[in-house]
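Remarks on the structure that follows.
For reference, positions follow the sequence shown, starting with 1. Computed from a prediction, not measured in an experiment: that's the story for all the values here.
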Amino acid sequence: MILLISCIICLIGIFSDYNAIQLGGPLVEVPLFILAASVLFLNEGYQVAILGVRYFQQELMQQYPHAKKVRSLIFSHDYDRLPRLFLGQSFLVVTSTFLISGLTTFIDWPSEYFDGWNLPEWAITLLFRSGIPSIVVCVNLFQLVPSLYGQRFPRELLESLPSVYHTIITALFIESMGILHCTFLIVDVLDFAIASAEEKWETGNGNFGSFPSQFSQLTECFSTVTSSMSSYLTSNSTSTSTSTPTTTASDNSDGRSNLIIEKAAHEGVSARGGSVPTEETEETEEVEVDEVGAQVGDKKAKPLKFKVKVICSTLMWFCSFFYIMYSLFHRRSLVDANPIVLVLVLGFTFALVWYCEGLKIAICGTAHMSNADLEARGYTTALHDILNQAGSDGTTSNGISRFLLGRQLIVVPLNFIIANIFSFQGYEDIPVLWYELLIGFSLPCVLFTIQLIQLAPQVFAGRHTGEFLSLPGAANVVKFALMVERLGLTKPAHGIVDAL
């Protein structure tokens, strides 16, 4: 019921043109909303489904040609494209989220609309102007539903969803442009400030298809995410659905869902683990060439292109930073508050998102380890003890699943808060194209935010898992995510997936 009411509020607000950003009225904004929602749905779904089919045998993919084509694109080489895909995919997700936030935050909803409703002003602001309805819709319909469905039916999702292959190509192309490569510089700064890492990553040659940086632990962490959530979702589906047509992950995948974590553990995936080639991988003694003609794994090539991309991306990042600071301190944010207050709010939200993104990698990357293994590596066991206690079946895997769902319910509202603060006005006189990029799609804000508080902590946590688990406040963030998950706000998404 809450989800249905939220959908109605969002549709009324968009068609009435009460939204925060004005991009040409409902005739333009409604298609943009549908496009952003579709891109978000596709990206959230395929990132999980790809991990679900990673270790499927060839015979299990014969009846799914589109899914097989997608898996071949990502995993057919010694240096797979999954880490690169996650960079481009994150950009599309954050851009879509910022656009949806601007289109569904109705700060101009007039009070006269509610004459006769006997609603106080604070209730009108909370229910209609704050963006809470759009958060409920975004989390459940556009993020959790495709993620949960992709975990249960990975082959079917990759096979049936239109434009999945082209969306993946778009994500890879965005990463190959190098606009996100400042992430690696940020991580190097964190290395110097926190970890002082001795091991440097291999950068590749910067070509389309080459491996930009060897943080393959990131891919294995996400593989563990898929496995750890699968058992939780299966048990949740069993307890909420009594009909037989709903097929669980193990039923539909011929028992392959748990193979991911088992294979990761057996092949020694750890904080210094490497990517695992699939059966389609062709290893050669010479340099491999991918299907777009780029050399893959060319260790002798000088990473000149990579360095150029890092330099250009860093310049863009600093330009974005100055644009944001200029707009904030000239009071151009749609959130009418003192700039110092906005900066403090942004600092808090940035820190919380930073922790959530990094802990996702650090916790899932050590999910297969026992407390003895953690202690042997010098890692703290405090977080795993909390997750063990939180698991309804007494296992870390179940506690991790609950943490991941709670983390999602924290990150999405915080992204909406950031997007609202970064919605600037007063630039109506600039050319239309620049206005659309700066205000409509919030491109500078996306580039600044995604690299600083999402990609950088993920890469850093994959590189220094033990240090991240031991950061001050990490245990409190995990407890907070578990508490948010207990509110039951993800039940509508589970119900929709059960119905599907």
Side-chain angles (χ1 to χ4, degrees), residues 1-22 26 29-30 32-34 36-37 40-41 44 93-114 117-147 333-337 341-342 345-346 348-350 352-353 356 405-423 442 445 449 480-496:
M1 182 60 69
I2 295 177
L3 179 60
L4 179 60
I5 294 175
S6 299
C7 290
I8 294 173
I9 292 175
C10 290
L11 291 176
I12 293 176
I14 294 176
F15 278 102
S16 301
D17 204 20
Y18 295 148
N19 40 291
I21 58 175
Q22 300 297 319
E29 292 161 0
V30 171
L32 278 178
F33 174 76
I34 295 174
L40 185 58
F41 189 97
E44 293 289 353
V93 166
V94 175
T95 303
S96 302
T97 302
F98 273 47
L99 182 57
I100 291 173
S101 173
L103 293 174
T104 56
T105 301
F106 310 113
I107 59 174
D108 295 329
W109 203 309
S111 300
E112 293 78 12
Y113 189 91
F114 305 98
W117 289 38
N118 295 323
L119 286 176
E121 190 67 21
W122 67 265
I124 295 174
T125 301
L126 180 66
L127 297 176
F128 296 92
R129 297 171 181 161
S130 64
I132 291 178
S134 60
I135 292 174
V136 173
V137 173
C138 186
V139 170
N140 283 280
L141 288 185
F142 306 148
Q143 293 189 300
L144 288 182
V145 167
S147 297
S333 173
L334 292 178
V335 180
D336 188 14
V341 174
L342 293 181
V345 172
L346 285 173
F348 174 78
T349 55
F350 275 23
L352 192 51
V353 174
C356 288
L405 292 175
R407 185 206 68 87
Q408 189 85 334
L409 293 174
I410 294 173
V411 170
V412 174
L414 291 180
N415 279 335
F416 269 69
I417 292 175
I418 295 170
N420 287 334
I421 296 177
F422 284 168
S423 295
S442 301
C445 304
T449 303
F480 181 53
L482 293 172
M483 181 185 69
V484 171
E485 191 274 338
R486 290 193 188 97
L487 298 177
L489 299 178
T490 61
K491 289 183 178 179
H494 284 288
I496 294 173

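Residues Ile124 and Glu121 are in side-chain contact: their nearest non-hydrogen atoms beyond the backbone lie under 4.5 Å apart. For the pair Val137/Ile100, no side-chain contact is recorded, criterion being any heavy-atom separation below 4.5 Å from C-beta on. Side-chain contact between Leu3 and Leu141 is present, with heavy atoms from C-beta onward closer than 4.5 Å. Looking at Leu127 and Ile132, their side chains never come closer than 4.5 Å, going by heavy atoms from C-beta outward. The shortest side-chain heavy-atom distance between Leu144 and Leu405 falls under the 4.5 Å cut-off. A 4.5 Å side-chain heavy-atom check between Ile14 and Phe106 finds at least one atom pair inside the cut-off. Side-chain atoms of Leu346 and Phe422, non-hydrogen and from C-beta on, do get closer than 4.5 Å to each other.
Contacts of Ser101 classified as side-chain hydrogen bond (donor to acceptor under 3.5 Å, both in side chains), with partners at least two apart in sequence or in another chain: Asn420. Contacts of Ser423 classified as side-chain hydrogen bond (donor to acceptor under 3.5 Å, both in side chains), with partners at least two apart in sequence or in another chain: none.
Rounding to the nearest 0.5 Å gives a distance of 12.0 Å between CD1 of Ile5 and SG of Cys10. In this structure, the separation between CG on Leu99 and CZ on Phe33 is 9.5 Å, given to the nearest 0.5 Å. Rounding to the nearest 0.5 angstrom, the gap separating the CZ atom in Phe142 from the OG atom in Ser147 is 13.0 Å. One distance of note links OG1 of Thr104 with CD1 of Ile9; it measures 11.5 Å at 0.5 Å rounding. With values rounded to the nearest 0.5 angstrom, Gln143 atom CD is found 10.5 Å from Ile135 atom CD1. Atom-to-atom distance recorded for Ile417:CD1 and Leu342:CG is 11.5 Å, nearest 0.5 angstrom.
Summarising the geometry of Arg407 relative to Ala481, their closest heavy-atom pair is N-CB, 3.9 Å, with the distance given to 0.1 Å. In this structure, Ser6 and Pro133 approach most closely via the heavy-atom pair CB-O, 3.4 Å.
Side-chain N or O atoms of Ser333 include one that pairs as donor or acceptor with a backbone N or O of Val335 at under 3.5 Å.
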Where do Val353 and Thr449 land on the side-chain contact (heavy atoms from CB on, under 4.5 Å) test, with the steps shown first? CA-CA 10 Å; Val353 174; Thr449 303; over 6 Å; no
Show your reasoning for whether side-chain contact (heavy atoms from CB on, under 4.5 Å) applies to Ile418 and Phe98. CA-CA 8 Å; Ile418 295 170; Phe98 273 47; 3.9 Å; yes
Given side-chain contact (heavy atoms from CB on, under 4.5 Å), test Phe416 with Cys138 step by step and report yes or no. CA-CA 10 Å; Phe416 269 69; Cys138 186; 4.0 Å; yes
